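A short write-up of the structure that comes next.
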Number of protein chains: 2
Amino acid sequence: MEYTVQRLAKMAGISSRTLRYYDEIGILKPARINSSGYRIYGKAEVDRLQQILFYRELGVSLEEIKEIITSPNFNAINALREHREKLLTKRRQLDLLIANVDKTIALWEGRITMTDKEKFEGFKQKMIEENEEKYGKEIREKYGDEEVDKSYNKLKNMNKEEYDRVEKLSAAVLDTLKEAMETGDPSCEIAQKAADLHRQWLCCFWDKYTKEAHAGLAQMYVDDERFKAYYDKVKAGAAEFLREAILIYTGMKK
Amino acid sequence: MEYTVQRLAKMAGISSRTLRYYDEIGILKPARINSSGYRIYGKAEVDRLQQILFYRELGVSLEEIKEIITSPNFNAINALREHREKLLTKRRQLDLLIANVDKTIALWEGRITMTDKEKFEGFKQKMIEENEEKYGKEIREKYGDEEVDKSYNKLKNMNKEEYDRVEKLSAAVLDTLKEAMETGDPSCEIAQKAADLHRQWLCCFWDKYTKEAHAGLAQMYVDDERFKAYYDKVKAGAAEFLREAILIYTGMKK
DNA sequence: TATACACCTTTACGCTGCGTAAATGTCAAC
DNA sequence: GTTGACATTTACGCAGCGTAAAGGTGTATA
């Protein structure tokens, strides 16, 4: 009925370091310490460890676990509800991240594909199929169909009209960019209009516009040969010019 | 066109500490250092910072960002795809946590409510409504209806038959527990059967059974007066006896 | 010109939850 | 007496900075 660190650790499936750490932060102290300085745990400590591990499995922090189990009449279920809300907040943030990564990839692939004059419908289908092939099965199994389909929604729901708008904006960016380059000044009014058109184009894909994303994408235009080629067909140096205009537009440069 | 730390930081919306840190880890070094030791950043550094912030917004680690932007012909889009997979893995883990927290809450509330002889359907409806009232609106707006509805699925989909099974198991646990207590030994065969029945009952709610969760719940039976009352109606000390049996059943105690 | 004040520098601890040494003591068996 | 499996403590490391502390620099103003 008495356990040393290693014994208790083995039984509970954790490391002895963890038990020492729990002692250190005062969340689980041994029943007593023997003459050699060994930590000796008893029945009550086993029970307490159970609770700790239980909450730990639910992702509750040790600090909160401490509060829950040290105050005798602490409302554990309310603590779990609060914890649930925190987890949901985390998930929403994570979803935003994933959505933005998805859209960045789509944007990239899309521009390249469209540059190659592939059909829009074909492109959408292709993207979805590629995605499916790569990790669709695994995700659908573990995560459910709604989730996966949702990821493609934005893309699928973009109908012909919206596509035409995207195309018009694309053309307008190129036209305005060409005109602006004659002034040679990325901060001039026309260049800023080009940047604004580019933002509008970007917003066809992104739900949430941020300066950082916009400026980051502009930088990529210069770094990625395929993008650079797309814009440079207007005039040599157009990608760099657009980047400068966008950096000024987003307030990242003066 | 030249910036000190503070100026660049303000422009980019980050702290000067961050810029010093980026210098320290070699991800963004200043163009030069002036006679007083001040960091001076130029045009190229602004561009580089853009990229860093762009990837950072997508949740990419600084270490990976370093790899992406320092190797000139690194495939950024593949890096993003890999990153996307990592994010998806994270989300799946998070979903598992949330689902388990939900079920724990449901289990708890459920036992209490059922103890109070409320109707099962009423209980389900009540739980869902309460949830809706508390954080439904916010979540549905930001996260989409499918998500929220999915959370309630397990609960809703539990039909009358399944409910009957739960009730039978509940009764069987109590019966077997009563019988086992006459032996006075939580490790005896009958007591272990009670623990196993309890596990079966638990699995009606939890998708994923773990020893820790089982043992943790058993501990709660002793700590929470309402649970204790439920089991102690069999006989005084029944909650403790069941806990001991479960701790042995889950291998947490000998 | 002295002083105030904003800005710059470096060094270094803190957060979470342990993993992973390193250096050393203890217990049981051979 | 030695081996080997345990125990102990101290302490750095992880990511990405926040937040002092202790000091030098730049410049506008009284």
Side-chain angles (χ1 to χ4, degrees), chain A residues 2-42 45 49 51-69 83 86-87 90 93-94 97 212, chain B residues 2-42 45 49 51-69 83 86-87 90 93-94 97 212:
Chain A
E2 297 208 318
Y3 311 91
T4 61
V5 264
Q6 201 91 189
R7 257 195 238 286
L8 182 56
K10 209 164 274 174
M11 206 169 59
I14 59 177
S15 77
S16 54
R17 172 70 176 98
T18 300
L19 285 176
R20 279 190 264 271
Y21 181 63
Y22 288 174
D23 182 7
E24 187 186 331
I25 63 172
I27 197 175
L28 180 66
K29 293 199 169 297
R32 61 187 179 84
I33 299 204
N34 77 4
S35 57
S36 312
Y38 286 22
R39 275 166 254 255
I40 307 294
Y41 297 88
E45 286 70 35
L49 181 57
Q51 285 190 275
I52 294 172
L53 295 181
F54 173 72
Y55 287 111
R56 198 182 69 160
E57 282 238 335
L58 297 178
V60 182
S61 74
L62 295 181
E63 189 56 39
E64 286 175 317
I65 293 178
K66 195 174 177 180
E67 280 185 28
I68 295 175
I69 63 174
H83 181 58
K86 281 185 205 161
L87 291 178
K90 259 196 193 173
Q93 289 168 351
L94 200 54
L97 276 189
E212 288 77 15
Chain B
E2 297 208 316
Y3 310 91
T4 62
V5 263
Q6 199 94 183
R7 258 195 237 287
L8 182 56
K10 208 164 272 174
M11 206 168 60
I14 57 177
S15 77
S16 54
R17 172 71 176 97
T18 300
L19 285 176
R20 283 190 206 101
Y21 181 63
Y22 287 175
D23 182 8
E24 187 186 331
I25 63 172
I27 196 174
L28 179 66
K29 293 200 169 295
R32 63 189 177 83
I33 297 203
N34 77 4
S35 56
S36 311
Y38 286 22
R39 275 166 255 257
I40 308 294
Y41 297 88
E45 286 71 34
L49 180 57
Q51 286 190 274
I52 294 172
L53 295 182
F54 174 72
Y55 288 110
R56 198 183 67 160
E57 281 240 333
L58 298 179
V60 182
S61 73
L62 295 180
E63 190 57 39
E64 284 175 320
I65 294 177
K66 195 174 177 181
E67 279 185 28
I68 295 175
I69 64 175
H83 181 58
K86 281 183 206 161
L87 291 178
K90 259 195 193 175
Q93 290 169 350
L94 199 55
L97 275 190
E212 288 78 14

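Naming: A, B, ... by sequence-line order, numbering from 1 per chain. Note that the structure is predicted; figures quoted are calculated from it, not measured.
- Every residue was checked against the side chain to side chain donor-acceptor pair (under 3.5 Å) condition with B:Lys10, not counting sequence neighbours, and none meets it.
- Contacts of residues 24-35 of chain B with DNA chain C (heavy atom under 4.0 Å): none.
- Whole-Å rounding puts the A:Leu19 CG to C:dT20 C1' distance at 17 Å.
- Rounding to whole angstrom units, NZ of residue A:Lys66 and C1' of C:dG17 are separated by 14 Å.
- Protein atom CZ of A:Arg39 is 10 Å distant from nucleotide atom P of D:dA7, rounded to whole Å.
- When the nearest nucleotides of DNA chain C are assigned to A:Tyr22 and B:Arg20 by heavy-atom distance, the more 5′-ward of the two goes with B:Arg20.
- B:Tyr21 places its OH atom 16 Å from the P atom of C:dC13, with the value rounded to the nearest Å.
- Listed by chain and residue number, A:Arg32, A:Ile40 satisfy the side-chain contact (heavy atoms from CB on, under 4.5 Å) test with A:Glu2 (two or more places apart in sequence, or in another chain).
- Taking side-chain N and O atoms only, A:Ser15 has a distance below 4.0 Å to OP1 or OP2 of C:dG19.
- One interatomic measurement links the two molecules: CD1 of B:Ile52 to P of D:dG16, which rounds to 12 Å at whole-angstrom precision.
- Looking at B:Tyr41 and B:Val5, their side chains come closer than 4.5 Å, going by heavy atoms from C-beta outward.
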Pull out every protein N or O sitting under 3.5 Å from an N or O of nucleotides 4-6 of chain D, one pair per line with the distance.
none

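- With sequence neighbours left out, the side chain to side chain donor-acceptor pair (under 3.5 Å) criterion links A:Arg17 to no other residue.
- Using a 4.0 Å cut-off, no side-chain N or O of B:Ser16 falls inside it from OP1 or OP2 of C:dT9.
- The main-chain N or O of B:Leu58 is found under 3.5 Å from a side-chain atom of B:His83 such that the two form a donor-acceptor pair.
- Applying the side chain to side chain donor-acceptor pair (under 3.5 Å) criterion to B:Asn34, with sequence neighbours excluded, gives no partner residue.
- The listed nucleotides are C:dG19, C:dT26, D:dC17; the one nearest the side chain of A:Ser36 is C:dT26.
- What separates CD1 of A:Ile14 from P of C:dT20 is a distance of 15 Å, to the nearest Å.
- With rounding to whole Å, A:Asp23 atom CG is found 16 Å from C:dG17 atom P.
- Within 6.0 Å of the NZ atom in B:Lys90, the count of heavy atoms belonging to other residues, nucleotides or ligands does not exceed 12.
- Although no hydrogens or angles enter the test, the distance criterion places a donor-acceptor pair under 3.5 Å between the side chain of B:Glu45 and the main chain of B:Gly42.
- Between B:Ile40 atom CD1 and D:dG26 atom P the separation is 10 Å, expressed in whole Å.
- Under 3.5 Å, the side chain of B:Arg17 and the base of D:dT19 form at least one donor-acceptor pair of N or O atoms.
- A:Ile14 is listed as a side-chain neighbour of A:Leu49, based on a closest heavy-atom distance under 4.5 Å.
- Out of C:dC18, C:dG17, D:dC17, the shortest distance to the side chain of A:Arg56 is found at C:dC18.
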